[in-house]
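Report on the structure given below.
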Amino acid sequence: MKALIVGADHVDPIKHELTQSTHFRSFSSTEHWTGRKVGDERRKIPGNTGLIVVICDRINHKLLRNVREQARRQDVPLLYARHSLTEIREKLAGLHLGAASY
């Protein structure tokens with residue numbers, strides 16, 4: 001299963017956390033959209049995506065609306081966070097598969 005990180009420029013620690021997380025499951029791979037490219041606002045969420053991490057302070061509104069709508073339609077959980085690995089760890093620990101967003 002894949003994870004998608006949307007926003008920010010340097011996400012290697014977040015990618016590592018998602019692939020090594022033992023809180024509920026690990027992700028085999030991660031994809032990252034910086035949101036800086038013009039086409040990012042129209043990208044489609046890849047198939048087999050199990051979680052989307054949105055770095056809120058590094059994303060524009062149009063991209064956020066696109067990602068949120070696609071996630072809702074595909075029933076993919078969203079995790080909203082600032083660019084803080086500690087906050088992401090805490091939210092991953094509290095993530096339940098049935099919930100839509102945190």
What I want to find out is whether Lys91 reaches Glu87 closely enough, with some N-O distance under 4.0 Å, to be called a salt bridge. yes
State which residues pass side-chain hydrogen bond (donor to acceptor under 3.5 Å, both in side chains) with Glu90; sequence neighbours excluded, sorted by chain then number. none
Nearest 0.5 Å, what's the NE2-CG distance between His61 and Leu63? 11.0 Å
Nearest atoms (heavy-atom pairs only) where Pro46 meets Trp33: CD-CZ2, 4.2 Å
Can you confirm whether Glu17 sits close enough to Phe27 that some side-chain heavy atom of one is under 4.5 Å from a side-chain heavy atom of the other? no
With Val53, the side-chain contact (heavy atoms from CB on, under 4.5 Å) member among Val11, Leu92, Leu18: Leu18
Holding to side chain to side chain contact (heavy atoms under 4.5 Å, CB included), I want the full list of residues that pass it with Arg42, two or more places apart in sequence or in another chain. Val38
Are Thr19 and Thr30 packed together at the side-chain level, in the sense that at least one heavy-atom pair is separated by less than 4.5 angstrom? yes
Kindly give the heavy-atom pair with the smallest separation between Gly50 and Pro77, and that separation in Å. O-CD, 3.3 Å
For the CG atom of Asn48 and the OG atom of Ser28, what is their distance to the nearest 0.5 Å? 7.0 Å
Does the side chain to side chain contact (heavy atoms under 4.5 Å, CB included) test come out yes or no for Arg36 and Asp9, once each step is laid out? CA-CA 9 Å; Arg36 292 184 181 269; Asp9 290 326; 2.7 Å; yes
Between Arg43 and Glu31, is there a side-chain N and carboxylate O pair less than 4.0 Å apart? yes
Which heavy atom in Ala8 sits nearest to a heavy atom in His32, and how many Å separate them? O-NE2, 3.0 Å
Side chain to side chain contact (heavy atoms under 4.5 Å, CB included) for Glu69 and Arg65? Distances and angles first, verdict last. CA-CA 6 Å; Glu69 179 61 28; Arg65 280 191 297 268; over 6 Å; no
Which residues share a side-chain hydrogen bond (donor to acceptor under 3.5 Å, both in side chains) with Gln74, sequence neighbours left out: none
What's the separation between atom CD1 in Ile52 and atom CD1 in Ile45, rounded to the nearest 0.5 Å? 3.5 Å
Can you check whether Val54 reaches Leu79 side chain to side chain, under 4.5 Å on heavy atoms? no
Do Val6 and Ile55 come close enough that some side-chain heavy atom pair is under 4.5 Å? no
Nearest 0.5 angstrom please: Arg82 CZ to Ile88 CD1, how far? 10.5 Å
Quick check on side-chain contact (heavy atoms from CB on, under 4.5 Å): which of Leu78, Asp40, Val76 does Val67 satisfy it with? Leu78
